[in-house]
Every structure is written in C-alpha cells, then in structure tokens.
Engineer: 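The structure follows.
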Amino acid sequence: MGMKEWNFKGNKDLKIASSFSIKGVIDDVKRNLNPSDQRPVIPLSIGDPSLFPCFRTSKVAEDAVVDALRSAKNNGYAPKGGVLQARRSLAEHLSSNLPYKLSPDDVYVTLGAKQAIEVVLSALKRPGANILLPKPGYPAYEALATLYQLEIRHFDLLQDRGWEVDLNGVEKLADDKTVAIVIINPGNPCGNIFTHNHLQKIAETARKLGILVISDEAYANLTFESNSFVPMGIFANIAPVLTFGSLSKKWMVPGWRIGWISRNDPNGIFEDHGIVDCINRSLSYNSEASTFIQAALPQILENTPEDFFVKTVGIMRKDGEMCYEWLKEIPCFTCLQKPQASFFLMVKLDLSQLQGINDDMEFCSKLAKEESVILLPGFVLGMKNWVRVTFGIEPSALEEGLKRLKAFCQRHASKH
C-alpha cells in the first residue's frame with residue numbers, strides 16, 4: 001500500500017517574522033556571556049526598568065490591583081474590547097490632552113500594546129496592501145506585518161534633523177495600495193520627540209496620500225528636554241489616527257500586559273470605511289487583558305500622584321545625561337544625540353576605530369563575553385552597524401556598565 005507524502009510543513013513567514021525579534025537577538029548576544037565572570041550582567045539592551053528598585057511602580061497602582069483582585073468581582077472573562085469602567089477611565093484620561101472628547105466606544109483595552117499592533121494590522125490586511133514603517137523602528141511592526149502579509153515599505157528617520165520623518169521620502173514610497181503610516185513618538189529606539197509642527201506635517205502628508213496614521217505612544221510623557229509630548233490625536237481632524245498606549249512604560253509595569261487602542265477620528269472616517277467593524281471582529285477572536293488589572297485601571301489613572309512621575313522622569317533625565325556624556329567620550333561611537341525622551345539612544349559604530357570587529361553583532365557579542373554588558377545590535381532595528389543603548393536602569397548599574405563599555409572600546413581600539 002503506497003504512502004502519501006506528508007501534507008503539512010512549517011510556516012515560512014514565521015521564520016521571517018522571528019528574525020525581527022529583539023528578545024531573540026538579545027538571547028543570541030547573551031549566549032556569549034562568560035560563565036566564569038563573577039561580575040553582575042549589566043543589561044543596557046531592553047526597556048524594562050521594573051527590574052530595578054528605583055523604578056518600582058506607584059503604591060496607588062499596586063493597591064488598586066490588590067483591591068480589584070480581593071474584591072472577587074473580577075475573576076471572569078472580560079468583555080470584548082475591555083471592561084466598561086476601564087474604557088471610560090481611559091477615554092477621560094486620553095481626552096484631557098485633546099481638543100475633543102473620546103467616548104468609551106472609541107477605546108479598546110488590549111493585552112499589551114503588542115496586541116494592539118496585531119489587532120490593527122489584521123484589520124488593515126487586504127490583497128496587495130502595503131504599510132509605511134520607520135527605520136529605525138520597533139521590529140514588532142515588521143514581524144506582524146509579515147504574518148499578515150502586508151508589504152513593508154521603510155521610510156527614513158533623519159538623524160541630522162533630530163530623527164524627524166523624511167516626509168519627501170514618504171510621498172515617494174506611497175501608492176494607491178498604501179494603507180497606513182506608523183510613527184513612534186516619543187521615539188523608540190532613538191530617544192527623540194516630535195514637535196507640534198512636525199506632527200501636523202505628518203498628518204497633512206497622510207491626508208494628501210489618503211492613509212491613516214498609527215501613532216505608537218507607549219512612551220507618552222516620558223520626556224525630559226524642552227519639547228513636551230504632543231499626542232497625534234490633536235491632528236485627527238486632518239487625518240484619522242489610531243493611537244497605541246500602555247501602562248508598561250509610564251507606570252513601569254510591562255508584566256501587567258495592559259495596552260489600548262484609541263480611535264481619534266472626529267469625522268467618522270474609520271466607521272465609514274469598515275475599520276471599526278474589522279477591529280471589533282479582530283478583538284472577538286483575541287484573548288482579553290486580565291479582568292482584575294482592567295478593573296484597577298480607573299484608580300491607577302485617576303489617583304497616581306504626580307510626584308511618582310516627577311521622580312521617575314528625574315531619574316531618567318539624569319541617566320540619559322550620564323549615558324550621553326560617557327558615550328561622547330568614546331571615539332568609536334558617532335552620530336550621537338542627547339536623548340529627549342523614552343529610555344534609549346542610538347549610536348553608530350565607527351568600525352575603522354576598532355580592531356577585530358566587523359559588525360554590530362560581533363561588537364555586542366564580544367562585549368558580552370569580555371565585560372558582561374549587553375547591548376542591542378542595530379541590525380534588528382533596521383540600522384546595521386549601529387547599537388541601541390538603554391539607560392533606563394539603576395544609576396549605579398548604568399555607570400558601571402558604561403565604565404566597562406569604555407574599557408572594552410579602549411582595549412579594541414585600532415592602532416593608527
């Protein structure tokens with residue numbers, strides 16, 4: 001009796017999508033750690049300040065979660081799109097910086113901001129569609145666009161103009177199959193923040209092209225230079241905006257997995273073009289965020305004292321300044337700009353200043369092996385031979401990591 005060939009095989013798109021994984025690349029770098037090095041590993045690679053006591057979340061947030069859990073009223077499944085009191089509280093919170101009011105129906109609670117990306121990209125999928133993504137950017141967009149078979153077209157962020165969007169380049173990339181442009185503000189991985197004027201120009205460009213704006217604002221209000229944070233939703237009268245946010249960064253609780261999508265669309269364009277229906281349908285087959293964390297949201301949003309944020313931003317400001325001052329004294333780092341927001345900055349490697357190092361992955365791998373310091377190679381962010389440095393850690397640990405990084409670069413400096 002003849003046997004048929006097996007009909008199943010792995011999904012090739014998953015292999016492509018996984019190549020955009022920050023955690024996967026960091027794991028590859030960590031494999032080079034020397035187990036005989038007794039010094040603590042310094043993680044200058046990933047944005048999770050919650051690992052350090054100085055960035056503990058507010059007591060109000062902790063108490064809100066405990067109260068919601070002990071009430072025994074929040075142990076069931078959450079409704080599609082989120083618990084009503086959570087959506088209502090988010091709508092009020094987000095409306096405080098907008099020229100119009102959001103309703104609870106304009107807000108969807110998601111299982112972290114990454115699920116927000118997944119929900120919206122699934123809603124935008126159609127044959128031949130393409131999406132405009134920033135370079136450098138956050139690679140979850142590339143991974144999920146690949147899985148949803150959206151063609152990826154990258155536009156540049158202009159380093160010599162404070163990492164602004166190259167709007168001329170955007171217009172050249174777009175065509176009648178372009179559905180959206182993604183911006184990340186405040187910036188990950190560049191530590192920049194867009195001005196009011198630049199955001200308006202982005203909205204005007206999107207309107208000219210007939211596309212929506214996806215504004216990733218996970219780092220909203222984590223700013224520490226002269227420019228204050230401006231939500232993209234202010235310009236939704238020009239072009240409709242889907243905004244992503246989360247508790248993860250501002251409240252320092254990435255493990256709580258609470259994110260949201262807000263529809264900034266006073267002209268009802270999303271409803272008219274079927275996007276609202278598609279978002280609802282996508283949410284109907286996705287898992288909901290934890291019910292008791294959602295129930296805690298109103299207390300967290302309304303009662304967290306301002307001094308918690310002042311303290312957090314104050315530490316970040318000092319960490320960012322320390323990082324900048326150390327890195328600018330290391331000759332092999334170029335294109336350095338002082339961070340204005342978030343936890344990160346990008347620096348370019350001048351490989352001509354280094355011996356025996358050929359690219360960013362080799363630089364990070366050898367640094368891990370010799371100094372037990374972890375950096376993120378820039379190639380995973382679309383910037384080969386750059387590195388992303390995370391400064392959102394305990395100040396003493398950051399200083400120690402920067403000392404080791406400087407010693408490594410001195411040891412590998414080329415002899416001219």
Engineer: Does a donor on one side chain and an acceptor on the other come within less than 3.5 Å for Ser262 and Asp106?
Structural biologist: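 No, because no side-chain N or O of Ser262 sits under 3.5 Å from a partner of the opposite role on Asp106.
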Engineer: Do side-chain atoms of Asp216 reach the backbone of Ile183 as a donor and acceptor pair under 3.5 angstrom?
Structural biologist: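 No, the answer is negative, given that no donor and acceptor are paired below the 3.5 Å cut-off.
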Engineer: Side chain of Arg263, backbone of Asp105: donor and acceptor closer than 3.5 Å?
Structural biologist: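 Side chain of Arg263 to backbone of Asp105: a pair is present.
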Engineer: Counting N and O atoms only, with roles assigned by atom type, does the side chain of His154 sit under 3.5 Å from a partner on the main chain of Leu132, one being a donor and the other an acceptor?
Structural biologist: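 No; zero donor-acceptor contacts below 3.5 Å.
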Engineer: Against Tyr219, only a single residue in Phe344, Phe244, Phe229 fulfils ring-ring contact (aromatic ring centres under 6.0 Å, His included); can you say which?
Structural biologist: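 Of the listed residues Phe344, Phe244, Phe229, the ring-ring contact (aromatic ring centres under 6.0 Å, His included) partner of Tyr219 is Phe344.
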Engineer: Look only at the side chain of Ser342 and the backbone of Pro186, and say whether a donor-acceptor pair between them is shorter than 3.5 Å.
Structural biologist: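 No.
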Engineer: Looking only at atom types and distance, does a side-chain atom of Glu217 sit under 3.5 Å from a main-chain N or O of Ile184, one as donor and one as acceptor?
Structural biologist: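 The answer is no, because no donor-acceptor pair under 3.5 Å joins these two groups.
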Engineer: Check Ala78 against Val83 and note the closest heavy-atom contact, atom names and distance.
Structural biologist: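 Looking at all heavy atoms of both residues, the shortest contact is CB-CG2, 4.2 Å.
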Engineer: Testing the basics here: between Asn74 and Thr291, what is the closest heavy-atom pair and its distance to 0.1 Å?
Structural biologist: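 Nearest heavy atoms, Asn74 then Thr291: O-CB, 3.5 Å.
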Engineer: Can you name the closest pair of heavy atoms from Pro134 and Glu142 and give their distance?
Structural biologist: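 Heavy atoms only, the tightest pair is O-OE2, 4.2 Å.
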Engineer: If the threshold is 4.0 Å, N to carboxylate O, is there a salt bridge linking Glu370 and Arg411?
Structural biologist: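 Salt bridge: yes.
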Engineer: Are any of the side-chain nitrogens in Lys201 or Glu164 under 4.0 Å away from the carboxylate oxygens of its partner?
Structural biologist: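 Salt bridge between Lys201 and Glu164, a charged N being under 4.0 Å from a carboxylate O: no.
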Engineer: Is it true that Arg404 and Glu400 make a salt bridge, defined as a side-chain N closer than 4.0 Å to a carboxylate O?
Structural biologist: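 Yes, Arg404 and Glu400 are salt-bridged.
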Engineer: If we ignore hydrogens and angles and just use 3.5 Å, is the side chain of Glu362 paired with the main-chain N or O of Asn358 as donor and acceptor?
Structural biologist: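 Yes: the side chain of Glu362 pairs with the backbone of Asn358.
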Engineer: Would you check if the side chain of Arg388 reaches a backbone N or O of Met346 as a donor-acceptor pair within less than 3.5 Å?
Structural biologist: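 Side chain of Arg388 to backbone of Met346, a donor-acceptor pair under 3.5 Å: no, none is there.
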Engineer: Specify whether Tyr141 and Tyr138 have parallel, tilted or perpendicular ring planes, treating 30° as the upper limit for parallel and 60° as the lower limit for perpendicular.
Structural biologist: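 Answer is perpendicular, since the angle exceeds 60°.
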Engineer: Is the charged tip of Lys250 near the ring of Phe309: under 6.0 Å from the six-membered ring centre and within 45° of its axis?
Structural biologist: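 Yes.
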Engineer: State, to 0.1 Å, how close Leu336 and Gln159 come at their nearest heavy-atom pair, and which atoms those are.
Structural biologist: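 Heavy atoms only, the tightest pair is N-NE2, 4.4 Å.
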Engineer: Between the main-chain N or O of Cys54 and the side-chain N or O of Lys311, is there a donor-acceptor pair closer than 3.5 Å?
Structural biologist: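 Looks like yes, one N/O pair under 3.5 Å.
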Engineer: Closest heavy-atom contact between Trp251 and Ala61?
Structural biologist: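 Trp251 and Ala61 have their closest heavy atoms at CD1-CB, 4.4 Å.
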Engineer: Measure from the ring center of Trp386 to the ring center of Phe363 and say whether it is less than 6.0 Å.
Structural biologist: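 Centroid distance Trp386-Phe363: not below 6.0 Å, so no.
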Engineer: Tell me the closest heavy-atom pair linking Leu345 and Pro339, and the distance in Å.
Structural biologist: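 So the two residues come closest at CD2-CD, 3.7 Å.
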Engineer: Check for a donor-acceptor pair, side chain of Asp37 on one end and backbone N or O of Asn34 on the other, with a separation under 3.5 Å.
Structural biologist: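 Absent.
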Engineer: Do Ser21 side-chain atoms and Ser18 backbone N/O form a donor-acceptor pair below 3.5 Å?
Structural biologist: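 Not confirmed, Ser21 side chain does not pair with Ser18 backbone.
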Engineer: Ring centroids only, cut at 6.0 angstrom: are Phe391 and Tyr324 within range, meaning strictly under it?
Structural biologist: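 Between Tyr324 and Phe391, which both carry aromatic rings, the centre distance is not below 6.0 Å.
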